[in-house]
Colleague: 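Before we start, here is the structure in question, set down as structure tokens.
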Amino acid sequence: MAGTSAQPTQEGPVRRKTERPVWSRDFALFFAARAVARLGDTMLPVALAAGLLQHGYGAGAVGLAMAATAAAFAGLVVFGGVIADRFSTRKLMIGADLVRLAAQALTAVLFFSGHVVLWEICAIGFVNGVAGAVFQPGVASTVPRLASDIQGANGAIRVAESAAQLAGPAVAGLLVGFASPGGVFAAHAATYAVSALCLLLLRLPPLPPRAREHTAGRAGKAFRADLAEGWREFRARTWLWGVIAVWCVYMIAVWGPTVPLVATEVVQQHGARAYGLVNSALGAGTVVGGLLALRLRPRRMLRAGAIALFGFAAFPATVGAGLDVPVMAAGAAVAGAGMSFWGVMWATSVQTQVPPDVLNRIHAYDVAGSLAMMPVGQALAGPAASVLGAGQVLLVAGVMSFVVCFALLAIPAVRGLVRAEATAAGSGRTAPAGERAGARKG
């Protein structure tokens with residue numbers, strides 16, 4: 001960049017609205033890669049369920065196949081963050097997409113041939129999870145390199161992913177009906193091919209000089225030392241680990257039980273069509289939340305996001321209370337909007353408050369911490385429902401959703417964190433990351 005004002009500070013990157021607009025050629029390619037890959041990922045559960053059930057396996061086998069991918073991803077994403085901070089994130093993401101392309105193409109061949117063995121499907125799922133763990137950390141550091149308006153970029157990506165999530169299951173259902181589960185896996189493999197092609201055509205601007213120096217300096221550094229450095233950087237930011245600590249409670253008490261129990265309650269009481277309507281309303285709400293995040297620019301982003309997250313309580317509460325389907329759908333829409341808005345505020349905060357040379361590792365710790373307790377919440381949902389009743393557990397989840405939001409707002413470092421752009425505007429410069437992390441509480 002020309003001019004000293006566009007140079008990065010020692011602690012973090014300078015953000016200027018005139019540097020890189022959101023809708024550039026390169027951001028459009030990344031946007032397309034994320035949207036298409038998300039479309040494929042939302043097709044996968046339908047393909048697994050239909051395919052395994054068709055070959056004589058039960059619901060437990062479907063869960064095991066999905067768990068193989070989730071376990072590999074959650075267990076290895078932290079290591080993926082270290083790798084992403086050492087090498088070219090674009091090449092790593094392309095490589096991960098190609099691995100998943102090959103894995104899903106192999107799965108399609110197995111289903112087309114009728115040779116479906118559960119351990120093979122689980123092994124392929126594990127490989128997919130490993131590839132995802134290598135891919136995901138690079139997403140966080142790619143967005144700031146493509147657009148100065150990081151919140152706008154995150155909002156646009158959230159809208160695209162939400163729309164893909166709405167369309168994916170429907171497309172998969174059509175493919176299963178007109179072709180076979182193997183056809184869905186073939187289509188899923190094709191989405192990774194499209195994603196890899198988009199990333200191959202992508203031209204990322206160079207890293208800031210300080211980030212390049214850190215990357216070069218890590219070449220001879222022990223892997224464990226990089227891992228430890230990422231952990232120290234993570235712990236040094238109270239707002240960061242504070243949110244993750246609260247999020248663990250959220251996964252156990254709210255999200256974990258809500259997903260399976262809403263499905264069983266709505267299907268049993270109102271039928272599968274009603275559940276499809278409620279799920280579609282949830283997806284439509286996430287689109288609305290992403291659109292709101294494109295327009296609203298709160299100075300204290302995490303405070304605004306936590307307030308929006310109060311809306312998620314409407315989802316489990318309306319189902320738990322046994323209300324009519326239109327009311328449950330409305331509650332799901334409100335919940336989706338709140339969750340989506342929070343997601344953009346959180347992603348933007350991480351990407352703008354953390355120095356680029358450690359961003360991939362910190363994002364990996366963020367992802368791992370956010371997902372760690374979800375299986376616990378899902379595992380406890382069944383026993384809790386047996387003791388209290390599914391409706392009561394969902395009502396408790398609604399109450400706990402409020403508790404979690406109050407907990408987020410009770411942490412001074414979370415509610416007082418000032419957006420990076422606001423800090424820069426107020427002082428005529430971009431504040432160092434450490435200074436922003438300790439922004440004045442209010």
Side-chain angles (χ1 to χ4, degrees), residues 7-16 19-20 77-86 89 92 136-154 157 204-215 217-218 226-247 299-303 305 342-370 408 411 413-424 429-439:
Q7 296 300 316
T9 66
Q10 192 174 24
E11 295 293 334
V14 171
R15 315 292 180 191
R16 290 288 184 269
E19 285 177 348
R20 297 176 302 279
V77 69
V78 170
F79 301 101
V82 176
I83 295 170
D85 273 333
R86 285 173 169 244
T89 54
L92 287 172
Q136 184 60 37
V139 173
S141 61
T142 299
V143 173
R145 293 173 68 183
L146 292 176
S148 302
D149 183 3
I150 298 174
Q151 181 182 332
N154 283 319
I157 291 171
L204 284 176
L207 287 167
R210 182 174 175 84
R212 288 200 300 270
E213 292 169 8
H214 276 266
T215 301
R218 279 194 293 270
D226 264 359
L227 202 61
E229 182 188 16
W231 178 246
R232 285 195 301 271
E233 292 285 347
F234 179 80
R235 289 191 308 165
R237 293 165 173 79
T238 304
W239 62 271
L240 187 60
W241 63 258
V243 169
I244 297 303
V246 172
W247 211 250
R299 187 166 185 265
R300 288 181 169 81
M301 302 177 72
L302 295 185
R303 176 191 291 184
W342 159 264
V344 174
M345 296 298 107
W346 172 248
T348 305
S349 295
V350 173
Q351 290 163 357
T352 55
Q353 302 282 351
V354 174
D357 52 287
V358 293
L359 179 54
N360 292 320
R361 278 171 287 170
I362 283 186
H363 177 61
Y365 278 112
D366 162 24
V367 172
S370 298
L408 289 172
I411 302 172
V414 173
R415 71 169 184 267
L417 186 72
V418 178
R419 66 183 298 134
E421 295 87 346
T423 306
R429 62 178 179 86
T430 296
E435 181 182 328
R436 291 196 300 266

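The shown structure was predicted, so the numbers you read here are calculated from the model rather than taken from an experiment.
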Colleague: Going from CZ on Arg303 to CZ on Arg419, what distance comes out if it is rounded to the nearest 0.5 angstrom?
Modeller: 14.0 Å
Colleague: Which atom names give the shortest non-hydrogen contact between Met301 and Ser349, and what distance separates them?
Modeller: CB-OG, 3.8 Å
Colleague: Is any side-chain heavy atom of Val344 closer than 4.5 Å to a side-chain heavy atom of Gln151?
Modeller: yes
Colleague: Can you measure from CG (Asp149) to CG (Asn154) and round to the nearest 0.5 angstrom?
Modeller: 9.0 Å
Colleague: Could I get the full list of side-chain contact (heavy atoms from CB on, under 4.5 Å) partners for Trp346, not counting sequence neighbours?
Modeller: Trp239, Leu240, Val243, Ile244, Leu302, Trp342, Val350, Asp366
Colleague: Please give me the minimum heavy-atom distance between Pro355 and Arg237, naming the atom from each residue.
Modeller: CD-NH2, 3.2 Å
Colleague: What distance separates Leu417 CG from Arg299 CZ, expressed to the nearest 0.5 Å?
Modeller: 10.5 Å
Colleague: Is the shortest heavy-atom distance from the side chain of Leu408 to the side chain of Arg415 under 4.5 Å?
Modeller: no
Colleague: Suppose we screen for side-chain hydrogen bond (donor to acceptor under 3.5 Å, both in side chains). Which residues come up paired with Ser141, at least two apart in sequence or across chains?
Modeller: Asn360
Colleague: How close do Val418 and Gln353 get, heavy atom to heavy atom, and via which atoms?
Modeller: O-NE2, 2.9 Å
Colleague: Specify the closest pair of heavy atoms between Ala364 and Val77, including all atoms of both residues, with the distance to one decimal.
Modeller: CB-O, 3.2 Å
Colleague: Does the side chain of Pro144 reach to within under 4.5 Å of the side chain of Thr352, using non-hydrogen atoms?
Modeller: no
Colleague: Can you check whether Ile411 reaches Val246 side chain to side chain, under 4.5 Å on heavy atoms?
Modeller: yes
